[in-house]
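Just so it is clear: chains get the letters A, B, ... in the order the sequence lines come, proteins before strands, and each one is counted from 1.
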Amino acid sequence: MKNNLQVYNTLTKRREQFVPKEEGHVRMYVCGPTTYNFIHLGNARPIVVFDTIRRYLEYLGYKVIYVQNFTDVDDKIINKAKEEEQEPLALADKYITEYFTDADRLLVKRADIHPKVSEHMEEIINYIRGLEEKGYAYEVEGDVYFSVRKFADYGKLSGRSIDDLVSGSRVEVDQRKNDPLDFALWKKAKPGEPAWNSPWGQGRPGWHIECSAMSCKYLGEEFDIHGGGYDLVFPHHENEIAQTEALLGTPMARYWLHNGFITINQEKMSKSLGNFFLLRDILEKFDPMVVRFYLLATHYRSPLDFDDEKLRVAQKGLERLSNSYLQLSNGLKLSGHYDNGKKVRRAAEKARIEFGAAMNDDFNTALAIATLFDLAREVNTYLREQQLDKSALEEAQRVFDDLLAVLGITLGKELTGTENIDDLMNLIVILRQNARVAKDFTTADSIRDQLQEIGVVLEDGPKGTLWKHEEEASGLRGKIVEVIINIRQISRKNKDFKTSDLIRDELKNAGIVLEDTPQGTSWK
RNA sequence: GGCGACAUAGCCAAGUGUUAAGGCUAAGGACCGCAAGUCCUUGAUCCCCUAGUUCAAAUCUGGGUGUCGCCUCCA
């Protein structure tokens, strides 16, 4: 299988041709969250970025095995659980559930495997024992440490030398360690802490060992892509490399990918600075697709500054694409067989090619999105034609669908859970069109205003009136019926019984029966 | 102190050797009863400063300035 995919590899600090170890298959591992809180926007970035990378690899035809772990055994979880007087594992599980609630809304596909630390103690302990046997690990009073100086390549990922690290060390030195840089593989349990049996007594794993043990279990030696936030490069990924390569003697992963940070006023969004925004709070104000679009509108390795204004800009941009997509769907209904669609076809083809070229360039989603805007403009221009060629529009729609699927963005689709309101809206559009033809703009505008109030927007175009509604709205159908009834009251008042009877008949066709009573009109 | 990244129009953001993508905003025009939307036109003679390399640089090299990150948990 051939591709022209270039990826920036943190390990070599270069862009490289992507060649998976096994032809046609990609094995990738992404460090997931420590689950002791809801995820914030900074956590969401790698989730969306690597989900998109995975989608693109699948688009290229690779069979991808995607593993994303949950750290559910950790000091922070233990502390939080203590505060809330809860079992640590129960707390971790709760936030794993909450994680999926958030990730699902961003249309992040589930990983093939979501391993948890708590369910891999045996693998982790065996891993540490293997390191002990090879002389890379040593025990001190129930703790087990990794001997950094025994691993000759230590520092190769983060570009540091051991001596630099020693001199710059801000960590309090634990005197029991042979060397200040040595890190814990296994930590002895203090009373009341969750603990597992091990050859070194009751305890729990250090932070880094889980990823070595679990990636090895599910992906084997030298898997293809290891991803995560840039702050994981050191020490987390550096230590993973040390552990894995010390034990297995083979490279841990071929390509190391790291995303840049979300910043607030140019400063990293982080839990310790306290300047973070929970994803779900943002989703109160913005559509998940807007957030996803915002995250992908900048290259994944660049810093990305956050504020509401930036999300509003993303929203406007996404609306432009949405409008185009909607107009395209509508145009399709009016289309036939004509031979004027050459330009659109070419634009669709061009978009597909350029989108691929952009993504091949280290997943340049910012540039890839620009190709969608180019396509939207061509489509919008074509839609002004009197005659629309069906197959050309279908081709454009297919390209939109395929490329948006890679980005994990859906546009103008029927949202799940939304009632079908096509029949009622068609009736309203006809009623309003009649009013407009009769120059009864008061009624026409009133209809538009009433619909706007319930979240439905009308747009009059050269090809008739289009409608769209922003949010997933339950009970929308009922609200629309109310609007129609209001319209009918006006016609009855004006003794326009032709219109009011038309409305009653049409509603009957839609399964809605009106009953006029002295108290007003009821419906069922 | 050590290591590293970045600096492009009002804003956001691509572009890593050869005419400066795209989006948002703004102005003018077209379709149009209005609204919304779409289309067209207008915007950096120039890419933080500076000295170089080159036929050619936003893109490479040296120096400077500024901002940020990692070196402690963090995506």
Side-chain angles (χ1 to χ4, degrees), chain A residues 10 13 15 30-34 36 39-50 71 74-76 79 155 158-161 163-172 181 207 227-236 238 258-263 265-273 276 293-294 297-299 301-305 307 309-310 312-321 323-324 326-327 354 358 361 364-374 376-384 436 439-442 444-445 448-449 452 457-462 465-468:
Chain A
T10 307
K13 296 174 180 57
R15 256 173 239 219
V30 176
C31 287
T34 301
Y36 65 104
I39 60 169
H40 63 68
L41 186 65
N43 302 122
R45 191 176 191 188
I47 293 165
V48 166
V49 161
F50 288 103
T71 301
D74 174 271
D75 289 356
K76 294 186 290 295
N79 292 337
S158 55
R160 287 152 220 258
S161 73
D163 296 329
D164 290 343
L165 286 166
V166 174
S167 64
S169 178
R170 305 198 312 231
V171 201
E172 230 177 282
L181 292 178
W207 176 34
Y230 201 78
D231 49 3
L232 296 182
V233 170
F234 190 91
H236 187 53
E238 194 68 71
H258 295 97
N259 63 273
F261 302 126
I262 302 279
T263 58
N265 296 325
Q266 327 298 337
E267 282 197 327
K268 182 186 175 187
M269 178 186 290
S270 75
K271 288 175 183 167
S272 40
L273 288 174
F276 59 89
F293 184 82
Y294 157 78
T298 298
H299 185 94
R301 283 193 286 111
S302 299
L304 174 53
D305 206 57
D307 59 54
E309 179 57 27
K310 303 229 165 56
R312 275 192 286 276
V313 169
Q315 184 163 30
K316 297 279 284 188
L318 193 60
E319 269 168 19
R320 184 173 164 79
L321 292 179
N323 284 334
S324 181
L326 202 69
Q327 300 281 357
E354 292 187 347
D361 185 9
N364 192 336
T365 49
L367 191 54
I369 286 171
T371 67
L372 292 178
F373 280 108
D374 289 337
R377 193 186 318 103
E378 289 299 330
V379 166
N380 290 341
T381 301
Y382 180 63
L383 287 170
R384 301 158 69 115
R436 289 177 74 205
K439 301 274 186 216
D440 178 6
F441 295 121
T442 313
D445 289 350
R448 189 169 57 202
D449 292 346
Q452 181 131 36
V457 178
L458 292 188
E459 288 177 14
D460 300 322
T465 300
L466 278 184
W467 54 271
K468 59 186 179 183

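Of the candidate nucleotides B:rC71, B:rU38, B:rU67, B:rU67 has the atom lying nearest to any side-chain atom of A:Q266. Listed candidates were B:rG22, B:rC70, B:rC34. Nearest to the side chain of A:D460 is B:rC34. Here the side chain of A:W207 is nearest to one of B:rC74, B:rA75, B:rC71, namely B:rC74.
Listed by chain and residue number, A:S158, A:L165, A:F234 satisfy the side-chain contact (heavy atoms from CB on, under 4.5 Å) test with A:R160 (two or more places apart in sequence, or in another chain). Every residue two or more places apart in sequence or in another chain that forms a side-chain contact (heavy atoms from CB on, under 4.5 Å) with A:V49 is listed here: A:R45, A:I53, A:Y300. With sequence neighbours excluded, the residues satisfying side-chain contact (heavy atoms from CB on, under 4.5 Å) with A:L318 are A:M289, A:V290, A:F293, A:I409, A:L411.
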Under 3.5 Å between N/O atoms: give me all the protein pairs with nucleotides 15-18 of chain B, atom names plus distance.
{"unit_1": "B:rG15", "atom_1": "OP1", "unit_2": "A:N364", "atom_2": "ND2", "d": "2.9"}

Show the distances under 3.5 angstrom between N or O atoms of the protein and N or O atoms of nucleotides 24-31 of chain B.
{"unit_1": "B:rU25", "atom_1": "OP1", "unit_2": "A:K316", "atom_2": "NZ", "d": "2.8"}

Which dot-bracket notation, 5' to 3', represents the base pairing of RNA chain B when pairs are defined as Watson-Crick or G-U with both distances under 3.5 Å, crossing pairs as [ ], and inter-strand pairs as |?
-> ((((((((.[[[..)......]]].((((((.....)))))).....(((((.......))))))))))))....
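Between the base of B:rC74 and the side chain of A:K76 there is no donor-acceptor pair shorter than 3.5 Å. With hydrogens and angles ignored, no donor-acceptor pair closer than 3.5 Å exists between the side chain of A:R45 and the base of B:rA75.
In this structure the side chain of A:V379 never reaches within 4.5 angstrom of the side chain of A:Q327, judged on heavy atoms.
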